[in-house]
Amino acid sequence: MLKRLLIVLEVKKGIVKTLYQEMVYACCHYGCNSGYAVGVFLYGVSIPPRCRDELARAGADAVWYLEDESLCTHNPELILQPIVDLIGRESPQLVLLTNTSAAMDIAPRLAERCSCTLLSNVCEIKLCQQPPSFTRTVYEGRLLETCSLKLPLTVATASPNAIPVVAKVNLQIGNIDRSIAIRKVSGFHTEELTYRVRETITKCNQIKPLTEADIIVSGGKGLNKAEDFALLDELAQVLGGAVGVSRPVVDCGWRPYQCQVGQTGTRVKPKVYIACGISGAMQHIIGMSDSRIVIAINRDPEAPIFQYADYGVVGDLYEILPIFTSKLQSALNL
Ligand SMILES: Cc1cc2nc3c(=O)[nH]c(=O)nc-3n(C[C@H](O)[C@H](O)[C@H](O)COP(=O)(O)OP(=O)(O)OC[C@H]3O[C@@H](n4cnc5c(N)ncnc54)[C@H](O)[C@@H]3O)c2cc1C
């Protein structure tokens with residue numbers, strides 16, 4: 001019998017995030033080599049044909065999609081029944097969701113409805129092992145736990161950037177002329193909902209989410225107070241990037257958890273990561289070490305962050321950041 005892995009992805013503003021496509025690439029690669037077919041279930045207000053084609057090109061062998069106006073607000077109940085129905089029809093051995101807050105709201109309900117095991121925070125999947133195994137972080141990232149896939153079904157959540165990406169060129173599957181099934185899934189009955197979302201409040205007012213930003217300006221305890229993050233906001237705005245923070249900044253209540261980069265925060269992979277007043281503790285490095293270029297600003301020349309930086313500036317961020325921002329503004333004619 002063909003073994004199936006089902007990936008559940010939310011489409012927002014008509015985009016399947018690049019990172020999630022990479023997750024599909026990775027799963028297809030590992031799946032193909034271990035006898036798994038990879039199906040993707042997309043849901044959102046509107047799913048442009050381009051999104052489905054992209055995933056087909058990424059190697060998915062089946063794509064199901066559900067588009068509905070009611071999905072503009074997050075309500076896990078809306079999406080639960082269509083996924084449960086799909087699981088009933090397709091009998092996957094593994095259902096993989098991303099670690100977004102929306103998906104983490106759905107995953108436990110899904111596991112409960114399907115009476116199966118839930119594994120959260122998965123960072124490695126070995127489908128080729130018998131039985132397939134997972135590695136995941138537990139106790140706020142203090143320990144790594146390895147567990148086996150529990151048949152007949154396991155629901156798992158994985159962080160974007162956590163599952164190693166396989167180079168697309170190695171896959172040799174970039175042809176969507178392969179016969180793949182792309183099917184529309186029927187909707188749901190909103191009258192059956194037990195609760196309704198009346199308002200959604202965004203706490204982290206980023207132009208771009210951290211996982212999507214090409215440039216991240218991050219601040220740590222080298223800043224003295226919450227208001228000083230205006231220096232980083234300004235630089236990020238000039239660069240069209242997002243602002244990240246280290247954990248102590250979140251612990252102080254200066255910025256929300258959604259902005260935290262690191263082992264117990266978000267793993268990021270921007271083209272440029274600018275670390276300001278961040279010492280470079282391993283728990284922070286784990287979250288940003290995949291950045292293409294790292295620039296560190298720190299007044300301590302011995303700070304560990306410099307070991308991971310491509311460019312290092314030894315100095316006071318309160319002096320350097322305003323100069324850096326104003327030079328960029330003049331260069332960009334802003
Ligand atoms: C289980 C566990 C999970 C964790 N998860 C995370 C995580 O996900 N993310 C995370 O970030 N941390 C995490 N941590 C915390 C981590 O160990 C460090 O404590 C934290 O990353 C340190 O943050 P920091 O670099 O901002 O602060 P500090 O280590 O206090 O460093 C501040 C830096 O700022 C520099 N500085 C000070 N003033 C200035 C100035 N004016 N100009 C320039 N530089 C200046 C200092 O030289 C210093 O290097 C975790 C810890 C544990 C135990």
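Order of listing sets the numbers, starting from 1, for every ligand and every atom in it.
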**Item:** Within-shell test, Gly315 vs ligand 1, heavy atom, strictly < 4.0 Å
**Value:** yes
**Asked** Any luck finding a side-chain donor-acceptor pair between Asp68 and Tyr43 under 3.5 Å?
**Response** no
**Prompt:** Under 3.5 Å, N or O to N or O, is Ile297 touching ligand 1 that way?
**Reply:** no
**Prompt:** Within less than 4.0 angstrom of ligand 1, does Pro248 place any heavy atom?
**Reply:** yes
**Message:** For Tyr65, does the six-membered ring have the charged nitrogen or CZ of Arg52 within the cation-pi criterion, i.e. under 6.0 angstrom from the centroid and within 45° of the normal?
**Reply:** yes
**Complete:** If we number the atoms of ligand 1 from 1 as shown, the ones under 4.0 Å from a heavy atom of Asp300 are 47 (O)
**Interfacing atoms of ligand 1 (cut-off 4.0 Å, heavy-atom, Gly220)** = 26 (O)
**Prompt:** For atom 10 (C) of ligand 1, which candidate among Glu319, Arg247, Met288 provides the closest heavy atom?
**Reply:** Arg247
**Asked** For ligand 1, which atoms, with element, lie under 4.0 Å from some heavy atom of Ala281?
**Response** 16 (C), 17 (O), 18 (C), 21 (O)
**Prompt:** With Lys327, which residues qualify under salt bridge (charged side-chain N to carboxylate O under 4.0 Å, His left out), at least two apart?
**Reply:** none
**Message:** Under 4.0 Å between a side-chain nitrogen and a carboxylate oxygen: does that hold for Arg109 and Asp105?
**Reply:** yes
**Item:** Atoms of ligand 1 close to Gly265 [distance to a heavy atom under 4.0 angstrom, numbered from 1]
**Value:** 8 (O)
**Fill in**
Heavy-atom proximity to atom 7 (C) of ligand 1, picking from His284, Lys221, Gln260, Glu302, points to Gln260
**Asked** Once you round to the nearest 0.5 Å, how far does CZ of Arg89 lie from CH2 of Trp64?
**Response** 8.0 Å
**Prompt:** Under 3.5 Å, is there a donor-acceptor pair linking the side chains of Thr264 and Arg247?
**Reply:** yes
**Message:** Within the 4.0 Å heavy-atom shell around Val261, which atoms of ligand 1 are there?
**Reply:** 7 (C), 8 (O), 9 (N), 10 (C), 11 (O)
**Asked** Using heavy atoms and a threshold below 4.0 Å, how should the contact between Ser279 and ligand 1 be classified: side chain, backbone, both, or neither?
**Response** both
**Message:** Checking Tyr273 against Ser218: is there a side-chain donor and acceptor pair closer than 3.5 Å?
**Reply:** yes
**Item:** Those atoms of ligand 1 less than 4.0 Å from some heavy atom in Gln263
**Value:** 7 (C), 8 (O)
**Fill in**
For residues 253-266, the salt bridge (charged side-chain N to carboxylate O under 4.0 Å, His left out) pairs (sequence neighbours left out) are Asp233-Arg255
**Prompt:** Taking atom CG of Leu9 and atom CD1 of Ile47, what is their separation to the nearest 0.5 Å?
**Reply:** 9.5 Å
**Asked** Does the N or O separation between Leu317 and ligand 1 drop below 3.5 Å for any pair?
**Response** yes
**Message:** With heavy-atom distances below 4.0 Å as the criterion, list the atoms of ligand 1 near Tyr318.
**Reply:** 41 (N)
